[in-house]
Structure formats: structure tokens, C-alpha cells
Amino acid sequence: MHKNTTLAIFGGNASFSQPINVGQLYFPEWQRYENAMRGIFERKYYNNNGPLLSEFEQQLAQFFGVKHAICVHNATFGLMMLVEAMGLKGKVIVPAFTFIATVQALAWAKLTPVFCDVDPLTHQLDLVKVRQLVDGEVSAVMGVNLWGGACQPEQLESLCNEYGIKLLFDSAHATGCEVNGKMLGGFGSAEVFSFHATKMLSTTEGGCITTNDDKLAGLLETMRPSYGKTQTVDVVKVINARMSEAQAAIGLLNLADFEKNRQHNEEIYHTYVKGLHGVPGIEIVQPSVVSRSNYQYMVLKLSAEQFGMTRDQLQHVLVAENVNVRRYFYPGVHRTIEFEPVFATQKNALTHTDELCRSCMQLPVGANVDILIAEKICALIASIQQQAKIITEQLHK
Ligand SMILES: *Cc1c(COP(=O)(O)O)cnc(C)c1O
């Protein structure tokens, strides 16, 4: 279909007239939003542990199958609060193949990240390597459940129990994912979810901490803080990381739509799998370990040799076509200005992490992508692959 049309990098028209972005961006129906906002106006209550927030937290606890779901202003605040509330000390083992906020939360609490490599196929923490990194100064492991998959949370629990260290999860990618039929949210001491606009369940900006530990929940609620809750406990630090009624209103509506949105994502995912089948050099990342995924990400790994051009070259060509694919994660956290110095003091190689940072690419998914768009993107990628030689020659001129 695109074979005889000129690519946009060579002066042709872009395949799409509007940019097709990555990110979920699910919006509830306007009428329902208007009703919810009218309620906020009538009650004249914007913030501070309001009725919508309470309702949202109750529904979330049920959804995640946990005793406590504590909503916060975003997942980054949630992670910062959690490492503080858990009283972690010294070093924490964490993957470098993650969004930088995972590790920044540790830095804010003056903890030292110990970067651990990931599995080249699943992209999740490599548990054999985690074990090798445990020493007397390590107080915890922070697992990251990536790409709508999971990092073997049950096995990580056993491992941490064995060494008497703590376990927490950045589950920003994993809202609504299940492992052996059990919803993520109840593993380790606690898990943190992101409700950012680009994630599966949006409150525009937001997140929540899930836990079955009453004491930890009390600490977190006091730190947040939670006006009107009768029980407050002694905490070292307080941070304004509340979720407002307006955020909770959107969250409630999107939670009601969750399964519908998840199914849409699943359909798009399978459309990509089918459309890219047989294109040389493309390996689609499957959500690992989970018995049910939210399909929040569509990630592919590119073999430059087989495809005929590098990941960065392909990105360049696709962006010109208005397909705003992203390099994710790039650079690896251990290669950022902030964390390069600490990584330099560590001897462990992050061979697979480095390789994935060079070769992974995220394709558009979510509300703004339908089956026709996904099919068109697949055809475009296949056609680019067929012209790879000519394109790279031109790019080098
Ligand atoms: C999005 C994301 C975060 C941060 O979430 P915010 O709600 O934007 O703070 C943290 N970790 C990972 C892996 C993420 O993808």
C-alpha cells in the first residue's frame, strides 16, 4: 500500500494527517463527567478526603483485592512516601530498565539504588541476579511490573523472605493485571500504581498505594495527609500529596469503563501482533507471567541487522509519518546524569538493559488508536522494512 508512495522524510505527505501518540488517554463520557462535577459544585467541596475520594478508595480496594488503597497526587509521590514509611535504609535493589521516577523516589529518601539487570526476553528483573546483589547493606528490593506484565512477584516474595529484606513494587504499568488469577496490588509490603493520563486508569494526574498492612496504611494516610480521618499516627514526614475530588470523579468514571478499555487495548495489541507477523527483525514483547494483562504498552524490540535499519532510524522515519513512536526506556536510568555516578561505583554489568535501551520502541495504543490505525501502522512498518536499504542510503547522504 505504501510501497509506491513517497515517505514523508523524502518529501511525501505524512501517512497520518494528525500525530498518533503513545499513551492511553481514555476519557469518560462527557454527560457523566458533567454530572460528577455538578455534585462537587453543589457540595462546594474540592479537596481533603471528600466523599468521591472515599468512594474511589473503597472501589479501588475491592478492584485490587486489598485492605487499603490510598490515593495520592501521583505515583512518584506514592513511591517517595512508601520508601519513607517502610523505613528503608542503605541500599535498595532496583532495575535500571524503568522510568526514572522509580529510582528518583529512592534518591529523595537518601537511599542508594543498586541497579540490577533484566531478563532479555521478558524485560523483567532477573531474579538470579537479584540474589547475587543482596548483601548486608541491602534493606529491600523494589520490583517493577513492566509492560502490563509482572516480575515474578511470588518468587520475589520468597526470595526477600529468605534474606529478611523488604519488598515493594512500582506497578505503574500494571493496573488490572493478574498473576495466577490474583490481581496485582497485594504483593510485597505494598505496590504503587500510576493514574497519569497516559496510563490505563486515569485520574488526569494521580496514583495509589495498595497494601494489606494496617500499620503501614496508617502511616501513609497520615503522611499524605488525610483530613477528617480520626486516627492519625506519629510520622517522621508529611507531604501534601492528596488526590482532589475532581481527580477522584474522573477516576470513578474511568474505573467503571476499565474492562471496556482493557478489551479495546487487547484488540489493538492482537492487531499489531497479526500485522507485524513475519516482518524481519521485529520481536513483539508479550506481557510476561500474568494470567491477565491490561495491554498498557505495545513494545517491540528491533534487530537492526535483520530489519535493515536501527531503532533510531526507524523512529525518525515513523515520526515524519506522524506516528509518534517512543524509545522507551531511553536512556536507561543508570545512564542518566543523575544516576550515572552511582552506577559507576557498581561493578555489575547491565548488558541486557543496555541492549534493550538501544532496541526497544513503543507503538501507539489506547483510546486514540483503532484497528484501522493499527493496521495502517503495521503496513507502514512492513513497507519501510522493504525499502530499508534505499532509506538508509538516503539518510546517510
Ligand atoms: C508513569 C510511571 C511512573 C510515574 O508515575 P506518575 O504518576 O507520573 O508519577 C513511575 N514508574 C513507572 C514505571 C511509570 O511508567
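Sequential numbering from 1 along the given sequence is applied to the chain's residues. Every heavy atom of this structure was used, including side-chain atoms; hydrogens, water molecules and symmetry mates were not. Counting convention: from 1, in listed order, for ligands and their atoms alike.
- Inclusion of D170 in the set of residues having an N or O under 3.5 Å from an N or O of ligand 1 is warranted.
- If you look at K199 next to ligand 1, the close heavy atoms, those under 4.0 Å, all belong to the side chain.
- Counting the atoms of ligand 1 from 1 in the order shown, those under 4.0 Å from a heavy atom of H173 are 13 (C), 14 (C), 15 (O).
- For T76, heavy-atom contacts with ligand 1 shorter than 4.0 Å involve the backbone as well as the side chain.
- Shown are E259, K260, E266; of these, the side-chain hydrogen bond (donor to acceptor under 3.5 Å, both in side chains) with Q263 is made only by E259.
- No hydrogens or angles considered: nothing links the side chains of Q62 and Q58 as a donor-acceptor pair under 3.5 Å.
- The aromatic rings of F77 and H73 stand perpendicular to each other, their planes meeting at an angle above 60°, with 30° marking the opposite boundary.
- Relative ring orientation between H123 and W147 is described as perpendicular, the plane-to-plane angle rising above 60° on a 0-90° scale split at 30° and 60°.
- With respect to atom 3 (C) of ligand 1, the closest heavy atom belonging to the protein is F99 CD2, 3.5 Å.
- In this structure Q286 satisfies the side chain to side chain donor-acceptor pair (under 3.5 Å) test with no other residue, sequence neighbours excluded.
- Heavy atoms from both the backbone and the side chain of A75 come within less than 4.0 Å of ligand 1.
- Close contacts between ligand 1 and T102 involve ligand atoms 11 (N) [criterion: under 4.0 Å to a heavy atom].
- If you number the atoms of ligand 1 from 1 as listed, the ones under 4.0 Å from a heavy atom of T98 come out as 13 (C).
- Annotation for ligand 1: atoms under 4.0 Å from non-hydrogen atoms of S194 are 5 (O), 6 (P), 7 (O).
- Ligand 1 lies less than 4.0 angstrom from a heavy atom belonging to G206.
- Using cut-offs of 30° and 60° on the angle between ring planes, the pair F329 and H173 is parallel.
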Would you tabulate the side-chain donor-acceptor contacts of residues 333-340 under 3.5 Å, counting partners in other chains and residues two or more places apart, or write 'none'?
from : atom 1 : to   : atom 2 : distance (Å)
H334 : NE2    : D354 : OD1    : 2.9
R335 : NE     : D354 : OD1    : 3.2
R335 : NH2    : D354 : OD1    : 3.4
R335 : NH2    : D354 : OD2    : 2.8
T336 : OG1    : V333 : O      : 2.7
T336 : OG1    : F339 : N      : 3.3
E338 : OE1    : Q104 : NE2    : 2.9

